[in-house]
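Have a look at the structure below, then the notes.
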There are 2 protein chains.
Amino acid sequence: MPQFCYDYARPAVTADICFFTVVEDDLRILLIRRGEEPFKGSWALPGGFLREDETLDECAARELEEEAGISGAYLQAFATFSKPDRDPRYRVITAAYFALVSAANHVLKSGSDADDAEWHSMSRLPRLAFDHRDIIEQARAALTGKMNLEPVVFALLPSRFTLTQIQKVYEAVEGQPLDKRNFRRSVLAKEWIRETGELERGHRRPAMLYERA
Amino acid sequence: MPQFCYDYARPAVTADICFFTVVEDDLRILLIRRGEEPFKGSWALPGGFLREDETLDECAARELEEEAGISGAYLQAFATFSKPDRDPRYRVITAAYFALVSAANHVLKSGSDADDAEWHSMSRLPRLAFDHRDIIEQARAALTGKMNLEPVVFALLPSRFTLTQIQKVYEAVEGQPLDKRNFRRSVLAKEWIRETGELERGHRRPAMLYERA
DNA sequence: TCAAAAGTGTTAACCGTACACCCATGC
DNA sequence: GCATGGGTGTACGGTTAACACTTTTGA
């Protein structure tokens, strides 16, 4: 085993990811069950150590690929966590990201690190390792803010979607119902979407399908 | 010299600070002239290495004290910089902060690290080391956003101030003039300030002095 | 008396919010 | 024919933005 030696103590640096999806009008987050101490049996955010040749953004993207088999998800850093004792083993500085994937693409690749990964409803989180509950709370707040400023909602939707679908995603993230007419007016005013001309059939009354503009 | 050895490479971690003040209606930032390679003679942000027993917030506060002799300034992290080659010597991850101090308190303590520190107008920045120009640009944007949401402007003002003074600070940070009547109405509506009853005398027509509510 | 900064209101446009009914379809 | 979700407009209140003149003082 090689050794890396420095004149001063250096912390380990990781990127941890709050990976969200919306399924059945419910905001869910990907967690991994820990098989080792500390916090054996608790759930933790996916993430891992920064490598020598990558940025934190690249690290987060790589971990998402390795631990959940997902590439190309929307990824955004939102805070850094640095309390000296947040990991009882040794010092770890964590750059926290949130990531988004649509329900259609959220099937987890089995094998490798992903075997103990599961989606958990944000309304019923299990026992969490380290300070991951704090991180998740801040992630949700960051996501809510971002969604009202920038067109990130599409990362949580299939490529074509109805206005009701997009509304359900906002409601799931914000955790509160929204007025249908006002929501439609405001989302159309933003010019983030356009009509496809196709209708979604097979349920009740067909609904117009939209796509990202 | 002690040696700290790890099984994997670890980056150095620093906190760097974009330390702003407003003087003569001009937004200025504290920079330190580098006496060593790399970037000898260029200017750099104050900052330094994270110690074993402190958070990044504490590190930023300590560096501000050591390098500029200022304590209790408003401090806020806004981004992390992690490009592998952003420091040509070895890998450094930097948590970037912005800090604010009022013109009245911005005299630099001489001695120690501060000897080569100077305030520079944001409208005429010198040659900067590393990726510090990027960091400064992002800091200004973060500061502008924060000032319109939270009462941080007081960190850039003396304890008592006129409405014109507070307006000049906003104009300096945002880099654009503001309408006097609208500005006064909106700042009074926020209820961040109250009248002192005292007038500022000695110039032209006396102005009401306000203080933080 | 003049130069300089302090102080003061009104109007119009825009935006957010509240709110209820008819329509098209599948069963 | 009925249950289900799709689709639509208006009115009110609050906020923002534009805009010009009088007052007070020091020199």
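Here is the naming used below: chain letters follow the sequence lines, and residue numbers restart at 1 for every chain. The figures here come from the full heavy-atom set of this structure, side chains too, leaving out hydrogens, waters and symmetry mates.
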Query raised in the report: With a 3.5 Å cut-off and no angle check, do the side chains of B/R212 and B/S159 form a donor-acceptor pair?
Result: no
Report task. Using the test side-chain hydrogen bond (donor to acceptor under 3.5 Å, both in side chains), find all partners of B/Y74 that sit at least two apart in sequence or belong to another chain. Result -> B/Q76
Query raised in the report: Any side-chain donor-acceptor pair under 3.5 Å between B/R33 and B/S42?
Result: no
Which donor-acceptor pairs under 3.5 Å do the side chains of residues 191-201 of chain B make with protein atoms, sequence neighbours left out?
unit_1 : atom_1 : unit_2 : atom_2 : d
B/R194 : NH1    : B/E211 : OE2    : 2.8
B/T196 : OG1    : B/E198 : N      : 3.1
B/T196 : OG1    : B/L209 : O      : 2.7

Query raised in the report: Using a heavy-atom cut-off of 4.0 Å to chain A, what are the terminal contacting nucleotides of DNA chain D, in 5' to 3' order?
Result: D/dT4 to D/dT10
Query - Partner of A/V23 by side chain to side chain contact (heavy atoms under 4.5 Å, CB included), out of A/D26, A/D25, A/T21, A/L27 - result: A/T21
Query - Residue whose closest nucleotide on DNA chain C lies nearer the 5' end, A/S186 versus A/R201 - result: A/S186
Requested in this report: Go through the structure and list residues passing salt bridge (Lys or Arg N to Asp or Glu O under 4.0 Å) with B/D87, not counting sequence neighbours.
Outcome: B/R89
Report summary line: side chain to side chain contact (heavy atoms under 4.5 Å, CB included) test vs A/Y97 passes for just one of A/L56, A/D16, A/L45, namely A/L56
Query raised in the report: Does the side chain of B/S82 come under 3.5 Å of the side chain of A/T55 through a donor N or O and an acceptor N or O?
Result: no
Query - Residue of the set B/I166, B/L188, B/V187, B/T162 for which side chain to side chain contact (heavy atoms under 4.5 Å, CB included) holds with B/Y210 - result: B/L188
Requested in this report: Could you check which residues of residues 140-153 of chain B get a heavy atom under 4.0 Å from DNA chain D? Sort them by number, please.
Outcome: none
**Report entry** Per-nucleotide protein contact string for nucleotides 1-10 of chain C, where B marks a base within reach and S marks sugar-phosphate only (heavy atoms under 4.0 Å, - for neither)
**Finding:** ---SSBBBBB
Requested in this report: Decide, yes or no, whether a salt bridge links A/E36 with A/K40 under the criterion of side-chain N to carboxylate O below 4.0 Å.
Outcome: no
